[in-house]
Amino acid sequence: TLSGDAKKTATLSDGSTIIGQKLDSEALSSGFLEVEVQGLNGPATVRLPESFLEAVDGDGALVITVMNSQMRTGTTAAVSIRAASASRGWVSVQGLKEPIYFTLPVEAESAHCAYWDEEKEKWSDEGMTTLGADSEGMLSCSSIHLTLFAAILDGFISALLCSK
């Protein structure tokens with residue numbers, strides 16, 4: 001539980017890092033909430049707009065997991081972003097008024113942002129914006145929903161489709 005403490009961190013045996021961040025108007029008082037999570041390949045940063053509070057009924061928690069890059073083939077980094085409402089439990093967050101922004105560590109400049117489409121059981125970049133990689137190896141992305149996101153090596157999805 002996050003009562004009392006606004007933030008809890010745990011590292012799993014596979015090297016994945018999980019952060020639970022309490023969400024309320026105080027946490028987002030500057031107009032946004034930025035959370036950095038250290039992973040095996042470097043930090044991932046998630047930045048939520050103040051309007052995100054509406055998705056969790058004004059009070060809830062954000063759970064961010066930075067996963068070991070070996071989790072899914074073709075990815076250089078992966079981060080899961082989920083939200084829970086104090087009154088409704090886990091909530092599906094879709095169609096935010098303002099996008100969330102996040103960065104992922106990448107080893108190659110030829111990567112783009114994608115999410116795991118659970119219905120189609122494949123990586124998709126539909127509705128994602130790849131803002132680009134910086135000189136420090138951080139790929140910036142934006143989205144208006146929460147899910148499992150990753151930096152996908154360019155050409156990986158095409159090569160996979162051609163092999164089927």
Side-chain angles (χ1 to χ4, degrees), residues 2 8-23 33 35-49 51-57 59-108 110-131 133 138-164:
L2 292 174
K8 299 250 186 213
T9 303
T11 302
L12 304 179
S13 60
D14 69 353
S16 299
T17 304
I18 301 174
I19 284 190
Q21 173 74 50
K22 185 176 180 179
L23 295 173
L33 171 67
V35 179
E36 183 175 288
V37 184
Q38 186 63 42
L40 285 178
N41 299 328
T45 304
V46 176
R47 183 178 173 134
L48 299 169
S51 60
F52 179 79
L53 270 180
E54 294 172 19
V56 294
D57 302 326
D59 186 24
L62 177 71
V63 178
I64 302 169
T65 307
V66 176
M67 297 170 191
N68 182 334
S69 66
Q70 304 306 314
M71 182 188 159
R72 297 200 190 268
T73 306
T75 66
T76 64
V79 62
S80 170
I81 307 170
R82 296 185 66 197
S85 164
S87 60
R88 296 182 290 144
W90 292 111
V91 293
S92 174
V93 178
Q94 307 286 329
L96 291 168
K97 292 177 186 176
E98 301 170 83
I100 62 161
Y101 293 93
F102 57 96
T103 61
L104 297 168
V106 293
E107 296 173 9
S110 61
H112 67 275
C113 307
Y115 71 96
W116 183 252
D117 187 321
E118 291 183 20
E119 289 180 12
K120 297 177 181 175
E121 296 184 347
K122 67 178 187 174
W123 290 109
S124 173
D125 58 6
E126 187 176 321
M128 298 286 310
T129 303
T130 299
L131 302 169
M138 297 302 290
L139 180 68
S140 295
C141 311
S142 71
S143 174
I144 57 170
H145 72 284
L146 301 185
T147 189
L148 173 61
F149 298 103
I152 303 292
L153 298 173
D154 286 347
F156 173 76
I157 293 175
S158 300
L160 182 63
L161 292 174
C162 288
S163 70
K164 289 190 173 190

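Just so it is clear, the structure is predicted and the values come from calculations on it, not from any experiment.
Residues meeting the side chain to side chain contact (heavy atoms under 4.5 Å, CB included) test with S140, sequence neighbours left out: T103, L131. A search for side-chain hydrogen bond (donor to acceptor under 3.5 Å, both in side chains) contacts involving T9 returns nothing, not counting sequence neighbours.
Separating the CD1 atom in I152 from the CG atom in D125 is a distance of 9.5 Å, to the nearest 0.5 Å. Separation of atoms CG (L139) and NE2 (H112) is listed at 9.5 Å; rounding is to 0.5 Å. In this structure, the separation between CG on L146 and CG on L96 is 6.0 Å, given to the nearest 0.5 Å. Between M138 atom CE and L104 atom CG the span is 7.0 Å, to the nearest 0.5 Å. Here the CD1-CD1 distance, from I64 to I81, works out to 6.0 Å after rounding to the nearest 0.5 Å.
You'll find the side chain of F149 reaches within 4.5 Å of the side chain of S143, heavy atoms only. Between V79 and V37, every side-chain heavy-atom pair lies at or beyond the 4.5 Å cut-off. Side chains of F52 and L23 form a contact here, defined as non-hydrogen atoms less than 4.5 Å apart. Side chains of I100 and P49 form a contact here, defined as non-hydrogen atoms less than 4.5 Å apart.
In terms of heavy atoms, L33 sits closest to Q21 at CD2-CG, 3.7 Å. Between V91 and S85, the shortest heavy-atom distance links the atoms CG1-CB, 3.8 Å. Smallest separation of non-hydrogen atoms from Y115 and E126: CE2-O, 3.2 Å. Taking all atoms of both residues into account, the shortest heavy-atom contact from A78 to L148 is CB-CD1, 4.2 Å. Taking both residues in full, the closest heavy atoms of W90 and A83 are given as CE3-O, 3.2 Å, listed atom of the first, atom of the second, then distance.
The aromatic rings of W116 and W123 sit perpendicular, their planes meeting at an angle over 60°, well past the 30° parallel limit.
Put simply, the side chain of T130 gets close to the backbone of C113: a donor and an acceptor are under 3.5 Å apart.
Listed by first and then second residue, the salt bridge (Lys or Arg N to Asp or Glu O under 4.0 Å) pairs involving residues 78-103 are E54-K97, D57-R88 (not counting sequence neighbours).
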